[in-house]
2 protein chains.
Amino acid sequence: MALDGNTLRTRRTVERILAESLRLFNARGEANVTTATIAGALEMSPGNLYYHFRNKERIVEALFERFEARIDMDPQPSGGAAQAIEDLWLYLHLVLEAIWEYRFLYRNLDDLLARNRRLRDVFNRIIDHKLAAVDALCADLVAAGAMRATPEEIRVLARNVLVVATYWLNYQSIRKRRDDLSAADLGTGAHQVLSLVAPYLLGEARAHLDALSRPYID
Amino acid sequence: MALDGNTLRTRRTVERILAESLRLFNARGEANVTTATIAGALEMSPGNLYYHFRNKERIVEALFERFEARIDMDPQPSGGAAQAIEDLWLYLHLVLEAIWEYRFLYRNLDDLLARNRRLRDVFNRIIDHKLAAVDALCADLVAAGAMRATPEEIRVLARNVLVVATYWLNYQSIRKRRDDLSAADLGTGAHQVLSLVAPYLLGEARAHLDALSRPYID
DNA sequence: GTCTATATAGGGATAGAC
DNA sequence: GTCTATCCCTATATAGAC
C-alpha cells in the first residue's frame, strides 16, 4: 500500500526529532536536554514536537528500541582458533560501536532503568544474551585448545567483560574531559576488554590477540 | 577554646542533615531527593535546612569531602608474597566498603562530575592514587616471585581493576532490583576484582587467592 | 502538521517573623 | 536557630488557532 504525502512527511519529521534528540542526548546527557531545546535545534515549535511524541520518555523509548535492534547481534560461529580470535575482536568492536552511538543510555543507566521497568527488563535480556555469547566463545576456544579456563572461571570472566564493556565509556569520560571523548576511545576500550581474556589464552592464540591489540595501546 | 551551647546545637543539626541526606541519596538517588524531602524526614522546615547549607550542592560537596577522607587509605606495605595477597584482599574490601557507604556518588557519576569541576578533579586524584596503589602492589608481587606480568600488562590490569571496582555496584543494581542490593554484594564484587588479578599469579599465591575468594562465589 | 500562547507542577531558594 | 509563607524559575505538557 502506497504512502501519501502527509504520512511521508510525518515519518521524516519523526526521524529528524529522533536524530537530533540522539545527538543532543549524547552530547549533554538526557536529563540536561529539554524538549524545548530539541524543538529549537530543529527550528520547530514545542507543540509540533509533542504532536509527534506524546512525551519526552517516548523519545527515549524509541531511541532505546533502535539501540536494542542495533546491538542485538551474535558473533559468527567460526572454524579454528585463530579465526575465533578474529571473530571475538570484530564482535567486540561492533558492540562497542553500538554503545558509542547510543552512549547517552549509559550515562545514568541506573536512573533510566529504575524509572522505566520495560527498559530495565529489555536491557537485562541484552546483558543475558551477551553473557551467553561470551561464554560460548570461550567454550569454543577451550574446545579448540586455544584457552585454558574452567567453566567457573569463564563465568566470572564473562561478567567482568560485561562490566568493562558496559562502563568503559563512563570511565573514560571521567578520565578525560567529556568533550574530548571520541570514537577513537573505543579502540582502547576493546584493548581493555580483550586484556581480560588474554591471560587465559594459550600459545598461538595469545600471540594473535596481542598482535591485534598492540596498535590500541595507550 | 570552648564551644557554647548554640554552636554545639548547630553542629548536631548539620550532622543530622548530612546523615539523613546520605541515607536518602543512597536509597533514591541524589537527583530524586528534594531539599523539602530531607527537611521533612528530619521534621525540620526547609528554611532551617537552608540556614545550615546555602544550597543542595553544598550538602553533596560536604558528603563528598567525607567520602574522600574515608577512601583515602593506602595498602599496608607487606613482607612476603602470602602476606601481600592477604593485604590486597583486605585493602579491596575496605575500598569497596567506602564506595558502598557513599554509593549515591557512583550513580550518575558522570553528571555529578560534569557539573562540578572541583569534585571532578578530586575524584580523578583519587583514581590516580588507586591506580598507583594497585600498580605498586603488583610490582611487589612480581618482585616476590608470586606474579608474572610485564609493566605494560600491569598498567592495563590496574585500569581494569579500577573500572570493575568503580562500577561494580552499578552493574549489580541493574542485575538485581536496586532495593535488593546489600552490603553482601561487596563480597561478590571483591571476588570479581580479584579474579582480574588471579590469572597472573603463580603457584602458592594463586592457590591462596582462590582459597580467600571461594566463599564469595555466586 | 505546525504554530503561538499558556497551563501546570515541582523544586530550589529567600524573606522576614519569632 | 527555627519557622511559615512565598517567590521564582524551569521544564513538561496542553489548548486551540491556522
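Heavy atoms only: backbone and side chains are in, while hydrogens, waters and symmetry mates are out. Quick note on labels: first sequence line is chain A, next is B, and so on, each numbered from 1. The structure presented is a predicted model; accordingly, all values stated were derived computationally and were not measured.
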field: Any A:Arg54 side-chain nitrogen or oxygen under 4.0 Å from OP1 or OP2 of D:dT14
entry: no
Ion pair check, A:Arg28 and A:Asp179, cut-off under 4.0 Å: no
- prompt: Should the pair B:Glu15-B:Arg12 be classified as a salt bridge under the 4.0 Å nitrogen-to-oxygen rule?
  reply: no
message: Which residues pass the salt bridge (Lys or Arg N to Asp or Glu O under 4.0 Å) test with A:Asp180, not counting sequence neighbours?
response: none
task: Using a strict cut-off of less than 4.0 Å between a Lys/Arg side-chain nitrogen and an Asp/Glu carboxylate oxygen, indicate whether A:Asp121 and A:Arg117 qualify as a salt bridge.
output: yes
query: Hey, can you pull the residues of residues 106-117 of chain A with a non-hydrogen atom under 4.0 angstrom from DNA chain D?
result: none
query: In terms of side-chain heavy atoms of A:Thr13, which of D:dA11, C:dT2, C:dG11 is nearest?
result: C:dT2
- prompt: Between atom CZ in A:Arg58 and atom C1' in D:dA13, what is the gap in whole Å?
  reply: 14 Å
message: Expected output is a numbered-order residue list: members of residues 35-51 of chain A with a heavy atom under 4.0 Å from any atom of DNA chain C. What is it?
response: A:Glu43, A:Met44, A:Ser45, A:Gly47, A:Asn48, A:Tyr51
- line: Scanning both residues in full, the closest heavy-atom pair of A:Leu96 with A:Ala190 reads CD1-N, 3.5 Å
query: What pairs with A:Glu68 under side-chain hydrogen bond (donor to acceptor under 3.5 Å, both in side chains), at least two apart in sequence or on another chain?
result: none
task: Could you check A:Trp168, A:Phe123, A:Tyr167 and say which one makes a ring pair (Phe, Tyr, Trp, His ring centres under 6.0 Å) with A:Tyr106?
output: A:Phe123
field: A:Leu24 CG - D:dA11 P separation (whole Å)
entry: 14 Å
Table of protein N/O atoms under 3.5 Å from nucleotides 16-18 of chain D N/O atoms:
none

message: Can you give me the closest heavy-atom contact between B:Thr166 and B:Leu109, atom names plus distance?
response: CG2-CD2, 4.2 Å
field: Check ion pair B:Arg107-B:Glu30 (N to O, under 4.0 angstrom)
entry: no
message: Under 6.0 Å between ring centres: does that hold for A:Phe67 and A:Phe104?
response: no
task: Only counting residues at least two apart or in another chain, list the ones meeting salt bridge (Lys or Arg N to Asp or Glu O under 4.0 Å) with A:Arg159.
output: B:Asp218
task: Send over the distance from B:Lys56 NZ to D:dT10 P, rounded to a whole Å.
output: 17 Å
